[in-house]
J.: 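Structure incoming, see below.
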Amino acid sequence: MAWESAGNDRNLYRKACSYVNAKLYKAFFNNSFSVSVEANDILNQRNYGVMSFSRDITRYVCVTDLSRSFYLTLQYIFNSSRDRYKGRGAGTNEKNRF
C-alpha cells in the first residue's frame, strides 16, 4: 500500500494519490515449483492531478493511468537439489600455506 501526499515541486502542484498492491506466493515440491499471484492498484485509485504554472498560463492535467493489473506466475526450477560439485584438491596448496 502506498500513499503520496499533495505537494509543490518547482512550478508544479501535484494532488494526492494512493494505491494498494498484493502478492501471494506458494512453493511446492521442496521449492522446485512455485506459484505467485499479483494484483496492482486493486482499488483503481492511482489517479492524480498535476497543475503547472508558467507566467500567465495555468494548466491542469488529470492523469488517469490504467495501472490496474493482474499477474499469474508459474515457476519451475530444474536441478533444484542442494548437492553441489565441490571438486578435489582445488586450493590445497593455498590452504597449506596458511
Side-chain angles (χ1 to χ4, degrees):
M1 180 174 147
W3 176 72
E4 299 173 9
S5 65
N8 294 304
D9 181 27
R10 298 184 197 115
N11 65 334
L12 296 175
Y13 174 76
R14 182 176 167 169
K15 290 190 175 180
C17 73
S18 63
Y19 55 93
V20 175
N21 298 341
K23 184 174 184 177
L24 297 173
Y25 173 85
K26 178 66 178 166
F28 301 97
F29 308 116
N30 201 15
N31 291 332
S32 294
F33 180 71
S34 64
V35 177
S36 64
V37 178
E38 184 175 356
N40 293 320
D41 197 13
I42 296 171
L43 304 175
N44 203 20
Q45 296 278 320
R46 195 170 189 169
N47 301 327
Y48 57 89
V50 176
M51 191 175 300
S52 64
F53 306 99
S54 177
R55 294 191 181 193
D56 297 335
I57 299 171
T58 300
R59 185 177 75 162
Y60 178 76
V61 177
C62 182
V63 180
T64 55
D65 290 335
L66 298 175
S67 61
R68 182 184 283 178
S69 58
F70 299 95
Y71 299 99
L72 172 66
T73 305
L74 305 173
Q75 183 177 4
Y76 182 77
I77 300 172
F78 293 96
N79 298 327
S80 64
S81 66
R82 297 191 185 270
D83 295 336
R84 301 285 185 234
Y85 174 73
K86 295 180 182 174
R88 292 186 185 167
T92 303
N93 292 336
E94 286 76 13
K95 290 179 189 176
N96 292 334
R97 193 177 64 174
F98 288 116

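Computed from a predicted structure; not experimentally measured.
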J.: CG/Asn21 to CZ/Arg68 distance, rounded to the nearest 0.5 angstrom?
T.: 11.5 Å
J.: Just verifying a value: how many Å separate Ser34 OG and Leu74 CG, rounded to the nearest 0.5 Å?
T.: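 If we round to the nearest 0.5 Å, Ser34:OG and Leu74:CG are 8.0 Å apart.
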J.: So, using side-chain contact (heavy atoms from CB on, under 4.5 Å) as the criterion, who are the partners of Leu24 when residues are at least two apart?
T.: none
J.: Taking atom OH of Tyr60 as the centre, report whether more than 12 heavy atoms of other residues, nucleotides or ligands fall under 6.0 Å from it.
T.: yes
J.: Let me check something: do Leu72 and Phe33 share a hydrophobic cluster, defined by ILVMFWY side-chain heavy atoms less than 4.5 Å apart, either directly or through other members?
T.: yes
J.: Side chains of residues 3-11: which donor-acceptor pairs under 3.5 Å do they make with residues two or more places apart or in other chains?
T.:
from, atom 1, to, atom 2, distance (Å)
Glu4, OE1, Arg14, NH2, 2.8
Asn11, ND2, Phe53, O, 3.0

J.: Calculate, to the nearest 0.5 Å, the distance between atoms OG and CD1 belonging to Ser52 and Ile57 respectively.
T.: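 Between Ser52 OG and Ile57 CD1, I get 9.0 Å after rounding to 0.5 Å.
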J.: Can you tell me how far CD of Gln75 sits from OG of Ser36, rounded to the nearest 0.5 angstrom?
T.: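 Nearest 0.5 Å value for the OG-CD distance: 7.5 Å.
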J.: Which residues satisfy the ring pair (Phe, Tyr, Trp, His ring centres under 6.0 Å) test with Tyr76, sequence neighbours excluded?
T.: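 In terms of ring pair (Phe, Tyr, Trp, His ring centres under 6.0 Å), with neighbours along the sequence ignored, Tyr76 is linked to Phe78.
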J.: Drop me the distance from Cys62's SG to Lys15's NZ, to the nearest 0.5 angstrom.
T.: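 Interatomic distance, Cys62 SG to Lys15 NZ, rounded to 0.5 Å: 8.0 Å.
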J.: Between Phe28 and Val35, is there a side-chain heavy-atom distance shorter than 4.5 Å?
T.: yes
J.: For residues Asn40 and Tyr71, determine if any side-chain heavy atom of one lies less than 4.5 Å from a side-chain heavy atom of the other.
T.: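 Touching, per the 4.5 Å side-chain cut-off.
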